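Read the structure below first, then the notes.
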Amino acid sequence: MAHAVLICSGARVPAARLLDHPLLDRLSIITEHGHTARYPDGVAVETVGSVHDVDEVLAAAWRIAGRHPLDGVLAPYEVGLPAAGYVRTVLGLPGPDFTTATLFTNKHAMKQRLAAAGLPLMPFAGAHSDAQVRARAAEFGWPVVVKPAYGGGSKDVAVVADAAELDAWLAGGGSPRPRNPTAVVERRADILVEYHCDGVVHDGAVRSVVTSRYLEPVLGRIGQGDPYGSYQLPSDHPEHRAVAELHAAAVAALGLRSGVTHLEVFGTPEGLRVSEVACRPGGGAIPAAIHLRSGVDLVDACVRTSLGLPPFPDGTPAAARTDARYVGHCGLALRPGTITELSTEAELAALPGVLDVVLHQRVGDRIAGHIYSASAAGFVHVGADTEEEVRERLATVRAAYRIRTRPDGTGSDGTGPESTRPEGPGSESAAPDSTVPDRTAPDTTDPRPPTPDHAASAAPARPVAEAVAS
């Protein structure tokens, strides 16, 4: 049994299985001020001003280690990765060190290393001021994609069509600033299809890899209101083999020795192009979907490798829980406000091919705050024999799903009118009295890079994550 510290931003609530993992007889938490009430009694919690301040996180980890020696650092979410790497490096703990974590979280450093290794990317450049952002955009020609070097969940990622839109993006939070000094500008890809590839690495070798195809490109859905959906490709599918090769090359280029990965790849008219890669489990229901079809438990593998253990307790993944050739899943959209009507698990489970339904919300819940790419009222998993059939079944789920909300604080009695937003084709026009949730917010309210005063040179200027992640 072991003692681990979990690094988690105040915006995230760790899954119960992390807080009560069977390998841990002691778990301590480092989170941000004001969020200790999220954790059960008996869990030691240290707070910091920001989990992005790696020196502050290290000081908290030292206090924890002084009480009980540490065996590992858990960072299953994007925002905690750099600080986790820093703590591992200084305290000599297993898992991705600070350099590796930086390469997997800093978009500019990541793309530089991947490009140097010969992986195919869209043309990109780093910029450290508004003037440089404008100059790089002009060099590439409109439209371009702009994003902070550090961030997650599609926060501040935008396609800008002209100089006026770029100025609006800079003024709205994208501008390079001391705590996130680098922006990435890249030529927009003509995305025909988008994939995510989720792997498990041990001793520098890829021990498991699953390629999934998104139902639609994620970048094109930012602001549309639908959580992502995807389906896994069989191991003999030619698209799986091509994406898996890029995954192996990316892992080697960024130097990951042991851990869990989540890669994003675009299919363009010119061929495959690597977008970004993270050293954490994918966001939302991606781990559950992979576990359902292949038996690979990405969350468990993340814990085990963070403790310096092999990713699979018996050397290989557990058995799959379905024999369906294709398994897909989709998120169920959230809306701001109070939920007054929501599809039931029984209704969704009765749809064709449904393998599992998980609802996180219920009637009466109030939805507020950021809604990002992996935010969902729940997830539905379906199985199918063919690729066409899995897409049809996921489309059926989206079309059948319904959610009705009451915008808060409107109307003479404080209730206001209700509005319904079903999923599915033709459902993009939300009622005017409610806001369709966007996909632009991350898994943190403060996506800033690590700032070790004495280690700044080790961080050459982090990924969008879907879901990301997570």
Side-chain angles (χ1 to χ4, degrees), residues 1-8 12 14-30 43 61 64-65 68-89 91-98 100-101 104-105 197-210 247-248 250-252 254-263 277-321 469-470:
M1 302 296 282
H3 175 208
V5 59
L6 171 65
I7 299 175
C8 188
R12 295 304 299 255
R17 62 186 305 216
L18 284 172
L19 299 178
D20 192 29
H21 195 278
L23 285 176
L24 303 175
D25 61 353
R26 186 184 299 274
L27 178 66
S28 299
I29 306 292
I30 298 176
V43 174
I64 291 170
H68 301 283
L70 278 171
D71 300 294
V73 180
L74 306 184
Y77 310 117
E78 185 72 20
V79 171
L81 289 170
Y86 191 55
V87 171
R88 292 180 187 121
T89 295
L91 298 186
L93 296 171
D97 62 12
F98 184 66
T100 304
F104 273 91
T105 54
C197 186
D198 298 87
V200 177
V201 179
H202 187 56
D203 287 338
V206 178
R207 301 301 175 89
S208 171
V209 61
V210 177
H247 171 266
V251 166
L254 300 183
L256 182 66
R257 295 296 304 166
S258 192
V260 173
T261 58
H262 177 73
L263 171 73
V277 59
C279 56
R280 55 158 177 80
I286 289 174
I290 291 174
H291 189 213
L292 180 65
R293 176 171 170 265
S294 68
V296 174
D297 190 333
L298 295 176
V299 175
D300 187 64
C302 180
V303 172
R304 293 181 63 85
T305 55
S306 296
L307 295 172
L309 301 173
F312 308 121
D314 298 322
T316 58
R321 291 152 53 206
S470 155

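Positions are given from 1 along the sequence. These figures come from a predicted structure and were not determined experimentally.
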List the steps, then state whether side-chain contact (heavy atoms from CB on, under 4.5 Å) holds for V209 with C197.
CA-CA 7 Å; V209 61; C197 186; 3.2 Å; yes
Say you draw a straight line from OG1 of T100 to CG of L81; how long is it, rounded to the nearest 0.5 Å?
11.5 Å
Under a 3.5 Å distance rule, please check whether S306 uses its side chain to pair with a backbone N or O of G72 as donor and acceptor.
no
Is it the case that the side chain of R257 and the backbone of D203 share a donor-acceptor pair, with hydrogens and angles ignored and the cut-off at 3.5 Å?
yes
Evaluation steps, side-chain contact (heavy atoms from CB on, under 4.5 Å), between L256 and F104:
CA-CA 9 Å; L256 182 66; F104 273 91; 3.8 Å; yes
Any R280 side-chain heavy atom under 4.5 Å of Y77 side chain
no
Any donor-acceptor N or O pair under 3.5 Å, side chains H68, R26:
yes
Side chain D71, main chain A2, donor-acceptor under 3.5 Å:
no
Not counting sequence neighbours, which residues clear side chain to side chain contact (heavy atoms under 4.5 Å, CB included) with H291? List them please.
D297, R321
Would you say I29 and L27 make side-chain contact, with heavy atoms under 4.5 Å?
yes
Determine yes or no for a side-chain-to-main-chain donor-acceptor pair under 3.5 angstrom, with R88 supplying the side chain and D97 the backbone.
no
Donor on one side chain, acceptor on other, S28 and H3, under 3.5 Å:
yes
Does any N or O in the side chain of T89 come within less than 3.5 Å of the main-chain N or O of F98, such that one atom is a donor and the other an acceptor?
yes
Should V73 and L91 be marked as a side-chain contact (heavy atoms from CB on, under 4.5 Å) after you check the CA-CA gap, both sets of side-chain angles, and the distance that decides it?
CA-CA 10 Å; V73 180; L91 298 186; over 6 Å; no
Is any side-chain heavy atom of L74 closer than 4.5 Å to one of I7?
no
Are any of the side-chain heavy atoms of V200 and T261 separated by less than 4.5 Å?
no
Out of curiosity, L6 CG to L19 CG, how far, rounded to the nearest 0.5 Å?
7.0 Å
